[in-house]
Amino acid sequence: MDAQEDTSICSIIESLMTADLPVRLTAYDGSAAGPRNAHYGLHLRNGRGLAYLMTAPGDLGFARAYVSGDLTLTGAHPGDPYAVMSLLMSNLEFRRPGVVEAARIVRALGVSHLKPPPPPPQEQLPRWRRAVEGLRASMSRDAGAIQHHYDVSNRFYELVLGPSMAYTCAVFADDSKSLEEAQTEKFDLICRKLDLRPGQRLLDVGCGWGGLVRHAATEYGVRALGVTLSLEQAHWAKEALDRDGLSDLAEVRHLDYRTVMDSDFDAVSSIGMMEHVGVRNYPTYFSFLRDKLVPGGRLLNHCITRSHNRPTRTGAFIDRYVFPDGELAGSGTVVGAAQDAGLEVQHTENLRPHYARTLAAWSRNLATNWEECVAEVGVGTSRVWGVYMAGSRIAFERDEIELHQVLATRNDDRGASGFPLRPNWRV
């Protein structure tokens, strides 16, 4: 850069923006940019944080600096940074500098900052490194991915999710309903769509902490089997079933759904699990679940979807910090895969606004219980969850992602589904 140019950190960052900074930015070199009276502020504390930003531009570098504590936020609670993230995502856009300008920037900021620091311990290996260690969607690699996300701490999940321990989209009947009421409604809506009746058998794949299994057994008198790859979830669910006196009706096993030997189920549910399956595995996934059903049996698949059906890679932050190997597709892709597996799709429903509300409630829980959450899993992991839930809420609100329930039947050899002329569940 020319001698007369300001080579401070904040001035360089500001020069790369396509619009005015919406927050106050300060850095360890004493520089500052953005409005002095801004409600929100970002402070770059040290050279390691700068190296994170320079060596991984975009959400990954930001995540590394923020999770490690090298980039700090003021004006918003780390458990619920929704407001500031919404502001940044709406107004923060950078231009790509030319080769000559980029070289000048690197010289001004220091070539030493181009050496990537070790990432925070919360970060998983990149996708290509995980591929070296195991085939994608193999049982061993899936188990590792699930353990990374779900075996954080049952107590942490109790603090964030609340008593329902339901880590999927709730269903809010109206604005007055609490998170717990909405989660109960979600469980019941699934049971109604599946038309569960006493004495029937339900298989719940990826059952989490067993909330749906317990609800179906208690309220509908079905014999329910839940399976999960998370050992921590299985332990928690078993204790809950024993405590509620449901062990004679319901069971949760720690195993991969692909190893379930039982069959002839009247209903199969998959709630928030398909995100881990991988699009290329949809055909075998739906075929396996179809084969577990009796003729006339129903399948309810509840999963996060994209708002389109174009192949799209998961962002680096989500892949490294939240859902390793996670993959989303549009509802059309989901429906098509179910149909190609021999299922008749009877009904689909988009619950996108409900997931935004669910995430807002979880974020409030994290902020309210912040100190205990930090004591349980550490400040870095707690920061990951704060950013992840706030960012996901914004994505649902902006229709970047959606939540679809797809209800399908396994028809008999003559095409009879047993499905009524009109849906037989209460909205």
Side-chain angles (χ1 to χ4, degrees), residues 79-80 82 149-150 152-194 196 202 204-220 222 224 226 228 230 232-234 236-241 243-244 246 250 252 267 269-275 300-305 349-369 373 385 388-390 392-393 396-397 401-407 425-427:
D80 188 6
Y82 165 80
H149 189 72
Y150 294 102
V152 175
S153 157
N154 281 336
R155 179 56 185 158
F156 174 80
Y157 280 107
E158 288 173 348
L159 293 166
V160 174
L161 304 181
S164 72
M165 287 296 275
Y167 186 32
T168 51
C169 175
V171 176
F172 293 82
D174 56 58
D175 292 339
S176 69
K177 300 304 180 184
S178 68
L179 174 63
E180 287 308 304
E181 290 171 324
Q183 290 292 14
T184 298
E185 172 60 19
K186 183 265 303 292
F187 289 144
D188 207 69
L189 177 63
I190 293 168
C191 292
R192 298 196 303 268
K193 286 183 175 181
L194 290 172
L196 296 181
L202 167 70
D204 186 25
V205 297
C207 68
W209 290 269
L212 176 60
V213 167
R214 297 198 313 277
H215 185 88
T218 301
E219 302 298 328
Y220 290 83
V222 302
T228 173
S230 167
E232 292 298 315
Q233 288 181 337
W236 193 98
K238 183 181 185 306
E239 291 177 357
L241 289 170
R243 182 183 64 244
D244 295 346
L246 294 171
V252 169
S269 54
S270 176
I271 315 303
M273 194 199 79
M274 197 179 186
E275 296 88 338
L300 191 289
N301 192 86
H302 167 123
C303 70
I304 300 172
T305 55
E349 182 175 6
N350 184 4
L351 297 172
R352 176 175 69 87
H354 295 265
Y355 218 150
R357 288 172 177 260
T358 304
L359 285 155
W362 289 343
S363 294
R364 286 193 297 270
N365 286 345
L366 177 59
T368 300
N369 300 303
C373 287
W385 278 80
Y388 150 60
M389 292 193 297
S392 297
R393 176 185 172 187
F396 278 109
E397 289 178 341
I401 50 177
E402 300 172 348
L403 188 290
H404 276 85
Q405 287 189 348
V406 176
L407 179 65
W425 61 85
R426 303 183 312 278
V427 176

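Thr168 meets the side chain to side chain donor-acceptor pair (under 3.5 Å) test with Lys186; sequence neighbours excluded. Partners of Glu397 under the side chain to side chain donor-acceptor pair (under 3.5 Å) rule, at least two apart in sequence or in another chain, are Tyr82, Arg393. Checked against salt bridge (Lys or Arg N to Asp or Glu O under 4.0 Å), Glu181 has no partners two or more places apart in sequence or in another chain. Partners of Glu349 under the salt bridge (Lys or Arg N to Asp or Glu O under 4.0 Å) rule, at least two apart in sequence or in another chain, are Lys193. Evaluation of the salt bridge (Lys or Arg N to Asp or Glu O under 4.0 Å) rule for Arg352 yields Asp399 as partners, not counting sequence neighbours. Residues forming a ring-ring contact (aromatic ring centres under 6.0 Å, His included) with Tyr220 (at least two apart in sequence, or on another chain): none. Residues forming a side-chain contact (heavy atoms from CB on, under 4.5 Å) with Phe187 (at least two apart in sequence, or on another chain): Ala166, Leu212, His215. Ala267 is linked by a side-chain contact (heavy atoms from CB on, under 4.5 Å) to Leu194, Leu196, Leu202, counting only residues two or more places apart in sequence or in another chain. Qualifying side chain to side chain donor-acceptor pair (under 3.5 Å) partners for Asn301, counting only residues two or more places apart in sequence or in other chains: Tyr285. His404 meets the side chain to side chain donor-acceptor pair (under 3.5 Å) test with Thr305; sequence neighbours excluded. With sequence neighbours excluded, the residues satisfying side-chain contact (heavy atoms from CB on, under 4.5 Å) with Arg357 are Phe172, Asp175. Applying the side-chain contact (heavy atoms from CB on, under 4.5 Å) criterion to Arg243, with sequence neighbours excluded, gives Ala240.
Side-chain contact between Phe156 and Leu161: absent, with no pair of heavy atoms (C-beta onward) separated by less than 4.5 Å.
One finds no salt bridge joining Glu219 and Arg214 here, because no Lys/Arg side-chain nitrogen approaches an Asp/Glu carboxylate oxygen to under 4.0 Å. One finds no salt bridge joining Arg364 and Asp80 here, because no Lys/Arg side-chain nitrogen approaches an Asp/Glu carboxylate oxygen to under 4.0 Å.
Using bins of under 30°, 30° to 60° and over 60° for the plane-to-plane angle, the ring pair Tyr167/Trp385 lands in the tilted bin.
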